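Inspection log for the structure reproduced underneath, given as structure tokens.
Computed from heavy atoms alone, side chains included, the values below leave out hydrogens, waters and symmetry copies. Bear in mind that the values here come from a model prediction, so they are computed numbers and not experimental data. When a residue number appears, it is its place in the shown sequence, counting from 1.
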Amino acid sequence: GQSDTTCHAIVGETVVLPCTTTPPGELIFSKSMLYWQIDKKIVHFFEKGKDSLEAQDKHFHGRTSLFRDQMRHGNLSLKISNVQLLDNAEYTCIYKQSAGHQTKKFYIKLSVSVQTHFLSSHQLHADFLFFNFSGQSQISSRSPAEAPCLAMLPLSFHLLVTLGIWHL
């Protein structure tokens with residue numbers, strides 16, 4: 001499939017797979033369904049206003065969550081904690097509203113890597129702080145349109161460069 005977005009994460013991190021839809025008002029969940037899948041495997045399923053995880057793939061058990069307070073405004077993003085190498089896949093975000101409405105489908109690729117070792121501990125520490133900070137700002141931010149995984153990479157690289165110079 002053609003991915004809409006590619007996200008990058010390192011094993012052990014928390015990643016947000018961005019998926020937003022622009023509703024003509026607030027989304028009504030009483031009659032809608034949200035599937036996060038890898039092919040036919042259920043990664044997360046939400047219906048009638050609540051999580052419904054009986055059919056969730058065991059590998060993802062206890063590691064997925066949605067932004068419940070932002071969903072009605074169209075933020076359907078999925079948060080995966082403690083990322084594993086096996087999470088490396090193309091995810092499909094499928095939002096179905098009650099009969100008569102069309103189904104929306106988005107494809108998000110997650111590329112997982114193991115932490116590289118050539119960074120100094122200063123840099124690793126800075127990167128980790130930055131990751132937490134950007135995670136926080138995403139949660140409290142009013143605009144769900146921002147794809148956190150994309151915004152994070154250049155900034156975090158920039159931060160490392162500045163810190164590197166600062167230590168000289």
Nearest heavy-atom contact between K48 and S30 is CG-O, 3.6 Å
Quick one, E13 with S81, criterion side chain to side chain donor-acceptor pair (under 3.5 Å). Give me CA distance, side-chain angles, the key distance, then yes/no. CA-CA 6 Å; E13 273 183 355; S81 57; over 6 Å; no
Heavy-atom closest pair (G49 atom, R68 atom, distance to 0.1 Å) is O-NH2, 3.0 Å
Residue set satisfying salt bridge (Lys or Arg N to Asp or Glu O under 4.0 Å) with E26, at least two apart, ordered chain then number -> R72
In this structure, CD of E90 is separated from CG of D4 (nearest 0.5 Å) by 8.5 Å
By side chain to side chain donor-acceptor pair (under 3.5 Å), S65 pairs with (sequence neighbours left out) none
| Working for side chain to side chain contact (heavy atoms under 4.5 Å, CB included), residues F67 and V16 | CA-CA 10 Å; F67 293 88; V16 174; 3.8 Å; yes
Residue set satisfying side-chain contact (heavy atoms from CB on, under 4.5 Å) with S113, at least two apart, ordered chain then number -> I10
Hits for side chain to side chain donor-acceptor pair (under 3.5 Å) against Q37, two or more places apart or cross-chain, chain-then-number order -> none
Ring pair (Phe, Tyr, Trp, His ring centres under 6.0 Å) filter on F45, not counting sequence neighbours, yields Y35
Between the NZ atom in K105 and the SG atom in C93, the distance rounded to the nearest 0.5 Å is 11.0 Å
* To do: Compare all side-chain heavy atoms of L85 with those of V11 and state whether any distance is below 4.5 angstrom.
  => yes
Taken in chain and number order and not counting sequence neighbours, the residues that satisfy side-chain contact (heavy atoms from CB on, under 4.5 Å) with T103 are I94, K96
One should read off an interatomic distance between I42 CD1 and L53 CG, to the nearest 0.5 angstrom, of 9.5 Å
Separation between CG (L17) and OG1 (T5), nearest 0.5 Å, reads 9.5 Å
In short, salt bridge (charged side-chain N to carboxylate O under 4.0 Å, His left out) pairs touching residues 32-43 with sequence neighbours left out are none
For I80 and Y91: C-alpha separation, side-chain torsions, deciding distance, then whether side chain to side chain contact (heavy atoms under 4.5 Å, CB included) applies.
CA-CA 12 Å; I80 301 178; Y91 293 74; 4.0 Å; yes
Fill in: N75 (side chain) donor-acceptor with T20 (main chain) under 3.5 angstrom
no
Closest non-hydrogen contact found for C7 with V15 is CB-CG2, 4.4 Å
Note: I28 and Y95 closest approach over all heavy atoms is O-OH, 4.0 Å
Those residues at least two apart in sequence (or on a different chain) that pass side chain to side chain donor-acceptor pair (under 3.5 Å) with D51 are H44
Taken in chain and number order and not counting sequence neighbours, the residues that satisfy side chain to side chain donor-acceptor pair (under 3.5 Å) with Q84 are N82
Separation between NZ (K109) and NE2 (H8), nearest 0.5 Å, reads 10.0 Å
Residues 55-64 vs salt bridge (charged side-chain N to carboxylate O under 4.0 Å, His left out), sequence neighbours excluded, gives R63-D87
Practice item. Dump the intermediate steps for side chain to side chain donor-acceptor pair (under 3.5 Å) on E54 and S52, then the final yes or no. Key: CA-CA 6 Å; E54 296 74 44; S52 173; 3.1 Å; yes
Requested in this report: For side chain to side chain contact (heavy atoms under 4.5 Å, CB included), just list the numbers for L66 and L78, CA-CA rounded to whole Å, side-chain angles, deciding distance to a tenth of an Å, and then say yes or no.
Outcome: CA-CA 5 Å; L66 301 166; L78 181 73; 3.9 Å; yes
Scanning both residues in full, the closest heavy-atom pair of C19 with F106 reads SG-CD1, 3.2 Å
M71 and L27 have their tightest heavy-atom pair at O-CD1, 3.4 Å
Quick one: does Q56's side chain get under 4.5 Å of T64's, heavy atoms only?
yes
- So do the side chains of T6 and Y107 get within less than 4.5 Å of each other, counting heavy atoms only? no
With sequence neighbours left out, the residues meeting ring pair (Phe, Tyr, Trp, His ring centres under 6.0 Å) with F46 are F29
### Query
Taking the side chain as C-beta and beyond, is there a heavy-atom pair between L86 and N88 under 4.5 Å?
no
